[in-house]
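Chain identifiers are assigned alphabetically (A, B, ...) following the order of the sequence lines, protein sequences preceding nucleic acid strands; residue numbering begins at 1 within each chain.
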Amino acid sequence: MPELPEVETVRAGLAGRVVGRRVATAEVLHPRAVRRQPGGAAELVARVAGRTVAAAVRRGKYLWLNLGEPGEPGELTEHDLPQEALVAHLGMSGQLLVQEPDGSRRHDADAAAFVADGPARDLTATLPPTLVRTVPLSTAHLRVRLTFDDGGQLWFVDQRTFGHVLVAGTVPTADGGPGGHGSAAPVLPAPVAHIARDLLDPALDRAALVRRTRARRTEVKRALLDQTLVSGVGNIYADEALWRARLHGSRPTDRLSPARVRELLDAATDVMREALAVGGTSFDALYVDVEGAAGYFGRSLNAYGREGLPCPRCGRPIRREQFMNRSSFSCPGCQRRARA
DNA sequence: AAAGGGACCTGGCTGC
DNA sequence: TGCAGCCAGGTCCCTT
């Protein structure tokens, strides 16, 4: 499942491949993929055609392509504020794939390889053009296709159709900082304005986040998953962060000390940084059947998907519980429930 | 107003 | 073997 590290891997790939290219045409092959687009498919096609991609930006699990003004291809500079963006959310199973005019296919796995081996793991670095790998690819779930002037294409592929794309206008950020990772412009698409900054965002006010978290009257896992509080964390990284911080997800946020909240946020930050360093492999979890969720994030998962397996810290079998209609994995020894 | 729960999806897997 | 039912979960929307 794409959470922050996976979406960032995709964003880095787009930054290296589609920025600077001009969209010639767009096709919507499944209406549900554009269900959040006012005006529907026709509107999206009309608003994206003729626009040049100025930047690939991400906040949490949302990513977007800033669009240059129509009729002025490539004229949008870093000093201009983008007025519109093509927004994408991958949902559960979405992928953004670049197909080159010569028929070669580029996949986000390329970006993963680069992030893993790249110099200083610089997230802003563009990808070397030599890094091209052909991967098997199915058009069975192709939902939206952009074709660039040079014949290259950007595909939005999504099996479970929880993802979506739309073109939207931008609004200023609430704090005046950059809208997201990948652009310094202090704007972000209106449909993303309610999404909080994520844990890898340099403009994140961590002290304020600790205060806001403790002000919530809810369970701590629910808070971690609330994208309006802090973004980018999904079910998998939430469980891993809670395990590292030795907290059970049901603990009330307002009874945690500031130090404990900081510890948890640091754990979530660390686990996502580590996943990003190996490119995030959660897409494979859908297709690879190895010991439940094993195969995802390699050997690094300590709790998620490990029901019955020994806790790497204390050896007690990891337990599985239902929470928010999802599975939660935790160690009964290291992660004690809150007292009643 | 904040918090919590259900709906939306598809395909692989399980069990009868 | 076939098939019904379960399960995965991110986000929006509605109710309380």
Enumerate all atom pairs, one protein N or O and one N or O from nucleotides 3-7 of chain C, separated by less than 3.5 Å.
none

Could you list, one pair per line, each protein nitrogen or oxygen that sits under 3.5 Å from a nitrogen or oxygen of nucleotides 11-14 of chain C, together with the distance?
| unit_1 | atom_1 | unit_2 | atom_2 | d |
| --- | --- | --- | --- | --- |
| C/dT11 | OP1 | A/H89 | NE2 | 2.2 |
| C/dT11 | OP2 | A/K61 | NZ | 3.2 |
| C/dT11 | O4 | A/R326 | NH2 | 3.3 |
| C/dC12 | OP1 | A/R36 | NH1 | 3.1 |
| C/dC12 | OP1 | A/Y62 | OH | 2.7 |
| C/dC12 | OP2 | A/H194 | NE2 | 3.3 |

Taking side-chain contact (heavy atoms from CB on, under 4.5 Å) as the criterion, tell me which of A/P312, A/P317, A/C331, A/C311 meets it with A/R306.
A/P312
For [X], check side-chain hydrogen bond (donor to acceptor under 3.5 Å, both in side chains) against everything at least two apart and list the hits.
X      : result
A/Q37  : none
A/R35  : none
A/R260 : A/E263
A/D270 : none

Roughly how many Å is it from [atom1] in [X] to [atom2] in [N], rounded to a whole number?
X      : N      : atom1 : atom2 : value
A/E6   : C/dG10 : CD    : P     : 10 Å
A/F162 : B/dG6  : CZ    : P     : 15 Å
A/R214 : B/dA2  : CZ    : P     : 19 Å
A/F323 : C/dG10 : CZ    : P     : 13 Å
A/H141 : B/dC9  : NE2   : C1'   : 12 Å
A/Q322 : B/dG6  : CD    : P     : 12 Å

With no hydrogens and no angle check, do the side chains of A/H164 and A/R36 hold a donor and an acceptor under 3.5 Å apart?
yes
Test item: side-chain donor near acceptor, A/T147 and A/Q153, under 3.5 Å:
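Per modelled atom types, A/T147 and A/Q153 side chains form a pair under 3.5 Å.
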Could you give all pairs that pass the ring-ring contact (aromatic ring centres under 6.0 Å, His included) test and reach residues 309-330 of chain A, with sequence neighbours left out?
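Sorted pair list: A/Y304-A/F329.
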Tell me the ring-ring contact (aromatic ring centres under 6.0 Å, His included) pairs involving residues 10-56 of chain A, sequence neighbours left out?
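Every candidate ring-ring contact (aromatic ring centres under 6.0 Å, His included) pair involving residues 10-56 of chain A fails, so no pair, neighbours aside, qualifies.
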In a table with atom names and distances, give each donor-acceptor pair under 3.5 Å that connects a side chain of residues 182-196 of chain A to protein atoms at least two apart or in another chain.
| unit_1 | atom_1 | unit_2 | atom_2 | d |
| --- | --- | --- | --- | --- |
| A/S183 | OG | A/A185 | N | 3.2 |
| A/H194 | ND1 | A/P191 | O | 3.2 |

I want to check a possible cation-pi pair here: A/R11 against A/W64, using under 6.0 Å from ring centre and within 45° of the ring axis as the test.
no
With DNA chain B as reference, determine whether A/T218 or A/H30 sits nearer its 5' end, using the nearest nucleotide of each.
A/T218
Angle between terminal axes - the helix from B/dA2-C/dT16 to B/dC16-C/dG2, 5 pairs each end, rounded to 10°
50°
Does A/R145 have any salt bridge (Lys or Arg N to Asp or Glu O under 4.0 Å) partners at least two apart in sequence or in another chain, and if so, which?
A/E27
Ignoring backbone atoms, establish whether [X] has a side-chain N or O less than 4.0 Å from OP1 or OP2 of [N].
X      : N      : result
A/N235 : C/dG10 : no
A/R32  : B/dT10 : no
A/R217 : B/dA2  : no

Spacing of A/L199 atom CG and A/L224 atom CG [to the nearest 0.5 Å]
8.0 Å
Below 4.0 angstrom, which residues in residues 166-173 of chain A have at least one non-hydrogen atom near DNA chain C?
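Here the set is empty: none.
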